[in-house]
There are 2 protein chains.
Amino acid sequence: MPAILSNQSKRVSVLKALGHPTRLLITEALMHGELCVCDLRDLVGDDISTVSKHLSILRAAGVLVSQKRGLNVFYSLACDCFGEFLRCVDQVCPPSGSSSLKISLPDNCC
Amino acid sequence: MPAILSNQSKRVSVLKALGHPTRLLITEALMHGELCVCDLRDLVGDDISTVSKHLSILRAAGVLVSQKRGLNVFYSLACDCFGEFLRCVDQVCPPSGSSSLKISLPDNCC
DNA sequence: TGGCTATTTGGCAAATTAGCCAAGTTTTAA
DNA sequence: TTAAAACTTGGCTAATTTGCCAAATAGCCA
């Protein structure tokens, strides 16, 4: 991967990394604090190698950072603003209903 | 697709829809106002059927809405907050550098 | 009506991604 | 050292996604 990614590719990799149910679940779990890989394997239920690969995708996208301590590798969010980000995601896609007209959202929209 | 998607699946489909370079480009272009499919084909350069499929993914995710007027179908953002959303994306992935420690972001972080 | 334009849909092959197992690496501890 | 635990990486197949072409649909106008 090139050292410097264009702003656009960087956005795409963040969005792609988070656009997978397991990876979104992992990232949400880390909102409560760091966890090691086997904690996350227990949470997710996949093979540990699969979890590890998901984690490396999230880290490559810059969403997570990792820190090795002893035998364990602890992952945590790279940025504290992930909760706000999720709220933004929820607002980009307004509540469905009459779906073919532009909806003016309530005032909680970012 | 089930009528009611869980909050989680809805998030995943928004993120997945936007996690493709062409679809992100299209969505960004629509920040300046609605465009019809052939405008977007000119912008993107892909076959029009490809563009149409990208658009239907974005619409299914709830990111875009469409409106038919005469021969044309005009697409536009479902929510005005997409600019804010992009800023959020940029902040979830902090500027890379010393990448294995948690970075405390500057004050422009959401 | 018939023809023309804009768009969507079906179907397919190529490319990418997912997830498992097995093997390799790193660190701790006996 | 040797062994064991926690991860990562390589390699493979299965599943999904992409993007093209061709055909179908919808709306406009002569």
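Below, read A as the first sequence line, B as the second, and so on, with proteins coming before strands; counting in each chain starts at 1. Bear in mind the structure is a predicted one, so any value in this text is a computation, not a measurement.
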| remark: Here the residues of residues 25-43 of chain A within 4.0 Å heavy-atom distance, strictly under, of DNA chain D are A/Cys36, A/Val37, A/Cys38
| task | For B/Ser56, report the nucleic acid contact type (base, sugar-phosphate, nothing); a contact means any heavy atom under 4.0 Å. | result | nothing
| message | Do A/Tyr75 and A/Gln67 make a side-chain contact, defined as non-hydrogen atoms from C-beta onward lying under 4.5 Å apart? | response | no
| message | Between B/Glu84 and A/Arg87 (salt bridge meaning N to carboxylate O under 4.0 Å), is one present in this structure? | response | no
| note | Counted 5' to 3', the first and last nucleotides of DNA chain D within 4.0 Å (strictly under) of a heavy-atom of chain B are D/dT17 to D/dC28
| said: OP1 or OP2 of C/dG19 versus the side-chain N and O atoms of A/His54: is any pair under 4.0 Å? | reply: yes
| message | Under 4.0 Å, counting only non-hydrogen atoms across every strand here, what does B/Arg23 touch: a base, just sugar-phosphate, or nothing? | response | sugar-phosphate
| Counting side-chain heavy atoms from CB outward, which of C/dA18, C/dT28, C/dC20 is closest to A/Asp46? | C/dC20
| request: Examine C/dT5: is either OP1 or OP2 under 4.0 Å from a nitrogen or oxygen in the side chain of B/Asn72? Give yes or no. | output: no
| message | Starting the side chain at C-beta, find the nucleotide from C/dC20, C/dT17, C/dT7 nearest to A/Thr50. | response | C/dC20
| field | Gap between atoms CG and P, on A/Leu71 and C/dT27 respectively (whole Å) | value | 9 Å
| message | With a 4.5 Å cut-off on side-chain heavy atoms, are B/Leu43 and B/Asp39 touching? | response | no
| query | Given atom CZ of B/Arg59 and atom P of C/dT7, what is their separation to the nearest angstrom? | reply | 12 Å
| query | Checking B/Ser52 side chain against B/Ile48 main chain: does a donor-acceptor pair fall under 3.5 Å? | reply | no
| note | Which of C/dC20, C/dT17, C/dT8 is nearest the side chain of A/Lys16? It is C/dT17
| request: Please work out if A/Phe74 contacts a base, only the sugar-phosphate, or nothing of the nucleic acid, heavy-atom cut-off 4.0 Å. | output: nothing
| query | If only atom types and distance count, is the side chain of B/Arg23 paired as donor or acceptor with the main-chain N or O of B/His54 below 3.5 Å? | reply | no
| field | Contacts of type side chain to side chain contact (heavy atoms under 4.5 Å, CB included), residue B/Ser56, not counting sequence neighbours | value | B/Arg59
| message | Salt bridge or not between B/Glu34 and B/Arg69? Use side-chain N to carboxylate O under 4.0 Å. | response | yes
| request: Could you tell me whether the side chain of B/Val14 reaches within less than 4.5 Å of the side chain of A/Asp90, counting heavy atoms only? | output: no
